[in-house]
Amino acid sequence: MPKLVMKFGGTSVATPDRIRRAAKRIGVEVSNGYNVIVIVSAMAGKTNELVDWVEETAPFFDAREYDAVVSSGEVVTAGLMALTLQEMDVPARSWQGWQVPVKTTSAHSAARIEEIPTANLDAKFAEGMKVAVIAGFQGVSPEGRITTLGRGGSDTTAVAFAAAFGAERCDIYTDVEGVYTTDPRISDKARKLDKIAYEEMLELASLGAKVLQTRSVELAMRYKVRLRVLSSFGEMSDNVGTLVCDEEEIMESNVVSGVAYSRDEAKMTLVSVADRPGIAAAIFGPLSRAGVNVDMIVQNISEEGRTDMTFSCPTDQVARAEKAMTEAKERGEINFHDLVADTNVAKVSVVGIGMRSHAGVAAQMFEALRDEGINIKVITTSEIKISVLIDRKYLELAVQALHDTFGLEQAA
Ligand code: ADP
Ligand code: ASP
Ligand code: MG
């Protein structure tokens with residue numbers, strides 16, 4: 001029998017009633033002839049609550065116990081979903097990550113899936129089980145400890161199951177109709193896209209569009225999983241969502257497909273470091289070892305052998321970055337006059353595969369920001385994206401302006 005993966009996010013399983021509504025959709029796919037693998041998230045808000053409890057209990061927590069706690073939200077919804085399906089006479093059972101087992105690395109709180117053996121589930125499908133309900137976001141390390149896959153990780157669980165079981169499709173049910181030209185919560189002009197290329201989705205996700213976890217898009221691209229994002233609310237019939245697919249499947253694409261943003265960025269500047277071979281290694285080596293995810297980097301013009309080095313990282317890693325830099329200075333590896341942290345910045349990016357063949361996107365972006373009087377602090381570009389760091393207070397304005405200037409209101 002063909003298999004389908006259906007993933008339900010937090011708002012789609014927020015209450016027993018919503019779980020029932022999701023279960024009805026699953027029931028329809030079962031009657032369409034599929035064996036269904038359902039991936040569930042924790043109820044909306046639950047994971048945040050669990051994270052808060054961990055941080056309240058132990059500010060410098062043991063990541064293994066963090067995972068033990070925060071993985072529990074999905075355990076509850078998996079059991080409730082299986083019960084709901086059974087109440088509807090659909091043969092179903094729940095599985096926690098370790099029972100499958102979803103084998104991961106031991107990088108607690110950010111583990112990567114390494115293997116999903118199919119034998120256990122397939123044996124149950126062969127016995128007549130119609131739906132396997134899997135607790136998303138979790139797995140088990142080689143040491144036998146519970147792991148989690150990073151925030152938003154149930155998307156990755158879903159795509160990994162779709163790849164492992166050769167599912168016909170992986171449907172991600174969420175609280176919006178699909179992937180939009182920008183976050184529909186920030187702009188009412190945002191338009192739903194019918195299709196988006198893997199590469200564009202990958203950029204949008206990694207630049208902050210949380211509708212899909214970045215890693216899930218990577219896996220979908222690598223294993224050619226047909227990935228669909230759609231709403232778990234509304235009528236089933238007119239609900240086509242957005243297909244994430246190969247570039248070749250998209251007939252006409254806009255130069256820019258979407259605008260993404262990330263609110264929690266910080267800009268750090270090491271003022272007056274010696275401009276010598278090895279200085280970048282001496283700065284970014286310790287930052288990386290301290291677990292700081294450096295994003296943008298700018299080295300300013302050098303004057304009399306000294307230069308300023310600016311980089312960005314998530315706001316909650318500023319303290320860690322400061323500690324790593326101060327310690328490197330104390331060890332005599334680097335020398336700087338000052339370390340300035342600006343935690344009131346945000347990153348706004350435009351993404352589109354059309355940029356490969358179109359010049360002038362950057363100029364148009366900068367002009368649109370200029371017209372709104374928004375100052376650009378840092379710029380980075382790649383083949384299909386341009387990102388800028390700006391004052392956080394201009395975030396919404398910048399997203400709107402870029403959405404307008406690239407005509408995304410007309411996108412489809
Ligand atoms: P779930 O709980 O279903 O996993 P998430 O909250 O993780 O849902 O992701 C869905 C949210 O992603 C939407 O509510 C929306 O605010 C946000 N989002 C950000 N950028 C986009 C975009 N380009 N298209 C659609 N949604 C987006
Ligand atoms: N519940 C987890 C989170 O909120 C995983 C997920 O929903 O994808 O991050
Ligand atoms: Mg999510």
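Atom set for the values below is all heavy atoms of this structure, side chains included, hydrogens, waters and symmetry mates excluded. Just so you know, residue 1 is the first one in the sequence shown, and it goes up from there. We count ligands from 1, going down the list as the structure has it; atoms in each ligand are counted the same way.
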Ligand 2 to Asp155 polar contact by distance, N or O atoms, under 3.5 Å: no

Polar atom proximity, Gly152 to ligand 2 (N or O, under 3.5 Å):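 Min N/O separation from ligand 2 is below 3.5 Å for Gly152.
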
Ligand 1 contact by Leu204, heavy-atom criterion under 4.0 angstrom: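 Leu204 does not count as a contact of ligand 1 under the 4.0 Å cut-off.
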
What is the minimum heavy-atom distance between [X] and [Y], and which atoms define it?
{"X": "Arg25", "Y": "Tyr173", "value": "CD-CE2, 3.8 Å"}
{"X": "Gly150", "Y": "Phe137", "value": "O-CE1, 3.1 Å"}
{"X": "Ser154", "Y": "Glu74", "value": "OG-OE2, 3.7 Å"}

Proximity to ligand 1 by part of Pro184, non-hydrogen separation under 4.0 Å: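 Only the side chain of Pro184 comes within reach of ligand 1.
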
Report yes if [X] has an N/O atom closer than 3.5 Å to an N/O atom of ligand 1; otherwise report no.
{"X": "Thr11", "answer": "no"}
{"X": "Thr181", "answer": "no"}
{"X": "Asp155", "answer": "no"}

Ion pair Asp171/Lys7, N-O distance below 4.0 Å: no

Ionic contact status for Lys124 with Asp122, cut-off 4.0 Å: no

Atom indices of ligand 1 within 4.0 angstrom of [X] heavy atoms, with elements:
{"X": "Tyr180", "answer": "22 (C), 23 (N), 24 (N), 25 (C)"}
{"X": "Gly178", "answer": "24 (N), 25 (C)"}
{"X": "Thr174", "answer": "1 (P), 3 (O), 8 (O), 10 (C)"}
{"X": "Val179", "answer": "24 (N)"}

For [atom], find the nearest protein heavy atom and state the residue, atom name and distance (0.1 Å precision).
{"atom": "atom 11 (C) of ligand 1", "answer": "Asp175 OD1, 4.0 Å"}
{"atom": "atom 27 (C) of ligand 1", "answer": "Val211 CB, 3.7 Å"}
{"atom": "atom 2 (O) of ligand 1", "answer": "Gly10 N, 3.1 Å"}
{"atom": "atom 7 (O) of ligand 1", "answer": "Lys210 O, 3.5 Å"}
{"atom": "atom 7 (O) of ligand 2", "answer": "Ser41 OG, 3.0 Å"}
{"atom": "atom 17 (C) of ligand 1", "answer": "Asp183 OD1, 3.8 Å"}
{"atom": "atom 4 (O) of ligand 1", "answer": "Lys7 NZ, 3.1 Å"}
{"atom": "atom 2 (C) of ligand 2", "answer": "Glu74 OE2, 3.4 Å"}

Residue pair [X] / [Y], side-chain donor-acceptor N/O under 3.5 Å:
{"X": "Asp67", "Y": "Thr147", "answer": "no"}
{"X": "Thr310", "Y": "Thr269", "answer": "yes"}
{"X": "His403", "Y": "Thr181", "answer": "yes"}
{"X": "Gln213", "Y": "Thr156", "answer": "yes"}
{"X": "Ser141", "Y": "Ser106", "answer": "no"}
{"X": "Glu168", "Y": "Tyr34", "answer": "yes"}

Shortest reach to atom 6 (C) of ligand 2 by a heavy atom, considering only Gly73, Ala158, Ser154: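 Heavy atom nearest to atom 6 (C) of ligand 2 belongs to Ser154.
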
Criterion side-chain contact (heavy atoms from CB on, under 4.5 Å) on Leu270 and Met325, from CA distance to verdict: CA-CA 9 Å; Leu270 288 161; Met325 290 297 87; 3.8 Å; yes

Gly153 heavy atom under 4.0 Å from ligand 2: yes

Atoms in ligand 2 with a heavy atom of Arg151 nearer than 4.0 Å: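 So the atoms of ligand 2 that pass are 3 (C), 4 (O), 9 (O).
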
Cation over ring face, Lys329 and Phe336, 6.0 Å, 45°: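 Positive - Lys329 is close enough to the ring of Phe336 and near enough to its axis.
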
